[in-house]
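For reference, the structure is listed below as structure tokens.
Predicted model only: the values in this text are computed from it and were never measured. Naming: A, B, ... by sequence-line order, numbering from 1 per chain.
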Amino acid sequence: MGKPMKIRARAAGELVEVKVLMAHPMESGRRKDAAGELIPAHYIRTVEATCAERVVLTAQWGTAISANPFLGFKFKGGAKGDKVRITWVDSEGDSRSDETTVV
Amino acid sequence: MKRLVVTGLVCAMSAAAVGADDDSGLGKQVEQVLRHSFTTATPAEWKTRLDQDEVQALCSLHHNSPPAAVSERIAKLSSATMRYPEDGKLSGDWKKGEKLASLGTGGHIGKIQPDRPGVRRGGNCYACHVLAPDEIDAGNIGPSLAGYGRRFANSPATARIVYEKIWNAQAFLPCTQMPRFGANGWLTPQEVADTVAFLLDPESPVNR
Amino acid sequence: MTNTAGVIAAFVAAGWLTPGEARAAEWNKAAFAVKDMDELIALLGGEPATPSDAIVFDAPDIAENGAVVPLALKSGVPGTETIAIIVEKNPTVLAAMFTIPPDTLPEIMTRVKMAESCNVYALIRAGGRNLFAVRAIKVTLGGCGG
Amino acid sequence: MKRRSSDAIAVPIRGGIVATICAGILLGGAVSALGEDVDPLNGIQKYRDMLKDDNPAELSEMSGEALWTTPRGPRQATLEACDLGLGPGVIEGAYARLPRWFPDVARVQDIESRLVTCMTTLQGMTAEQATKDWTNPGSDLENLVTYVAGKSLGVPIDVPALHPREAELAAIGEVLFFRRAGPLDFACATCHSQDGRRIRLQDLPNFLDPESARGSMTTWPAYRVSQSAVWTMERRLIDCIRQMRQPEPEFGSELLIALQVWLQKQANGGAMAAPGMKR
């Protein structure tokens, strides 16, 4: 289980704007630790965003997304009070799912 | 040579002034704080990393703005440190100097993030100086040295002054921020000569 | 630690995902191994990529650190289905691919790693067409030395 | 952003004969037209603007809040009764008034050392347990410091150093700021005593100038994009000292407290804006 995400979902007119920060090291597999040993790759591979059970974004990521990833996007058809849920699965099969209420 | 004038200046610096702060309560308190804060430093680390030599102590005491007599003392001590490459060539290989100028590694100790074994010591000149004009990520603690070689005749006399300035800049400008690269043993005489070439050689990117 | 399939199955069981949605979140291993944009298009299909003014690609010209380079991509191409980010000189060039459902705006903000100064491409796929915008981003070196 | 052309002689020397002579032969003293027109700072500013919001340090604040309110340690107690100087459990505004004298331990503590005191006295941890792996990205201690600092948002730094020991440490901190040592002759003052200076493209605060000192001290702890981690001020100082090629001072040591008392004193009045985001 990863650490909690920080999700903001704000309704503005007909749009809902979503901003997400995810706690993840996004290790590329090419960095070395202090002892000179390679740190194994460990990164988020897929992200899915839903609003009221409807998929509003899917993403596939490689090792080049920055550590503690940030994602911002906008969708139509949402409203205040809806639940926005973000789910990620990483290269080790670990995952995390958090939700927030659209304000 | 003007440097000889500097070297020849009589210095009236008194020993008492050197340690003025050490005799006060504050100096003792600082010493105590250092002893309590670096309890795992080895005797060798104290000697080379924490204890001050006379020049460091004087510059610290005077907040890097020493009065005239102290400036003279520092310049005299610093001029006495000059050493030159065995082959006598004060301008070496600019390509090697170029590498040293952008290399910032070496000399890091401690447990959290020490250098890996075998890491080279660099001059890290770009941290403080503009050198090759097209290298945009250059610092400004020191003056811009872009086009430096074009300001002077590329003569042995020029090379000597540049060499000495890199070896120990305090001989010219007491309490300058610039490290005493040669005098402190950070760069070898050959490395200093290579850096001189990087600054002065017409083919060097500094002067193109 | 569970495997990906197991996790997705768990989400399905928990009612978070429908089986169709779980497939949409599959990871295209071959795409993340390509060496340039052409190879990616050969893999994904469609016409060769052409530049497009309809793509607004906002990024700094200079990145203070290559570990975090902020990007904002906005496609004005009708029917945009996919937005991909390609960092030309990274060891593997594809950084991310976003699938845009019809009611989602073709606009993405994210942050990528850059191994060195190079071109970064925003590739838009819309109805078999491949369109791109490109930005040259300079990665600067850091301060005190390692 | 303040910016000067890079032509000034590095250190002003007052009226020395040597200095006068040397200025005449100083090879680096002349202004160079070349290099002056290269102004990458506008480009960097755009980079910083695009990273202004959505600071990953917010994740540390969330973790820190959970650590503050979750029963932990042998006594299974929370930190909610921790006295950070404004009374047990008062967290708002506490960071802006640290380091300060704490009568219960009879010494001046910064936020890290105070948190360790609370973790040992309230939660029953040993100091070793409380500080375990604290320099690792996302450590408990860094998350706690980030959470506490965030609770001083907008509060002016107020470290007058009036207690006798605080005043002593401020004076010691100033001496340490100027104390040159090691193979590169560095002191804090080497990089941080002039306006408008940069190491490569990184702006350097001038801690002799209150406005510049405020700009720095109000924005730590900060998420460092080069480290993918939040760093506290102690961590920042330890790494400055490492970069000066001196040995690492010990965690919570008087040297680190003294420097922080002096730095905070220089920055008094600056409204806290932590956690920041930096290179």
Side-chain angles (χ1 to χ4, degrees), chain A residues 1-10 12 16-35 37-44 47 49 57 59 61-74 84 86 88 90-91 94 96-101 103, chain D residues 46-70 72 132-147 149-151 153 221-231 235 238-239 242-243 247-248 274-279:
Chain A
M1 277 301 274
K3 288 185 176 176
M5 288 173 237
K6 180 132 191 173
I7 309 172
R8 289 191 183 89
R10 188 173 296 127
V16 174
E17 184 175 4
V18 183
K19 289 181 170 184
V20 194
L21 283 164
M22 308 173 197
H24 201 283
M26 297 300 286
E27 283 294 350
S28 66
R30 286 180 292 273
R31 276 190 344 126
K32 287 180 179 173
D33 64 16
E37 301 288 321
L38 272 180
I39 303 168
H42 181 204
Y43 57 98
I44 293 173
V47 181
L57 187 74
W61 287 354
T63 54
I65 292 292
S66 303
N68 299 312
F70 168 68
L71 173 63
F73 64 97
K74 295 167 187 165
V84 168
I86 309 288
W88 57 251
D90 75 16
S91 57
D94 197 2
R96 176 84 205 180
S97 188
D98 292 278
E99 74 174 16
T100 195
T101 304
V103 293
Chain D
K46 161 115 184 193
Y47 175 85
R48 290 175 187 161
D49 289 346
M50 284 185 81
L51 285 179
K52 208 170 50 198
D53 300 322
D54 306 297
N55 184 344
E58 292 174 30
L59 297 165
S60 288
E61 289 182 284
M62 284 169 63
S63 298
E65 182 172 17
L67 289 165
W68 185 262
T69 54
T70 303
R72 297 170 74 227
K132 190 173 180 294
D133 296 331
W134 83 276
T135 58
N136 286 358
S139 71
D140 289 353
L141 206 52
E142 284 186 335
N143 289 338
L144 279 166
V145 173
T146 311
Y147 170 61
K151 292 285 180 185
L153 189 66
Y223 186 81
R224 296 202 57 208
V225 299
S226 61
Q227 311 294 323
S228 304
V230 172
W231 277 23
R235 181 84 173 85
I238 289 171
D239 201 63
R242 180 186 75 92
Q243 295 285 22
E248 275 157 18
M277 178 135 64
K278 295 170 191 281
R279 180 184 191 284

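Scanning residues 19-29 of chain A against chain D with a 4.5 Å non-hydrogen threshold yields Lys19(A), Leu21(A), Met22(A), Ala23(A), sorted by number. Residues of residues 53-66 of chain D lying under 4.5 angstrom from chain A, judged on non-hydrogen atoms, are Asp54(D), Asn55(D), Pro56(D), Glu58(D), Leu59(D), Met62(D), Ser63(D) in numerical order. Taking 4.5 Å as the heavy-atom cut-off, the residues of residues 139-147 of chain D that approach chain A are Asn143(D), ordered by number.
Within 6.0 Å of the CZ atom in Arg30(A), the count of heavy atoms belonging to other residues, nucleotides or ligands exceeds 12.
Under the rule for a side chain to side chain donor-acceptor pair (under 3.5 Å), the partners of Thr101(A) that lie at least two apart in sequence or sit in another chain are Lys83(A).
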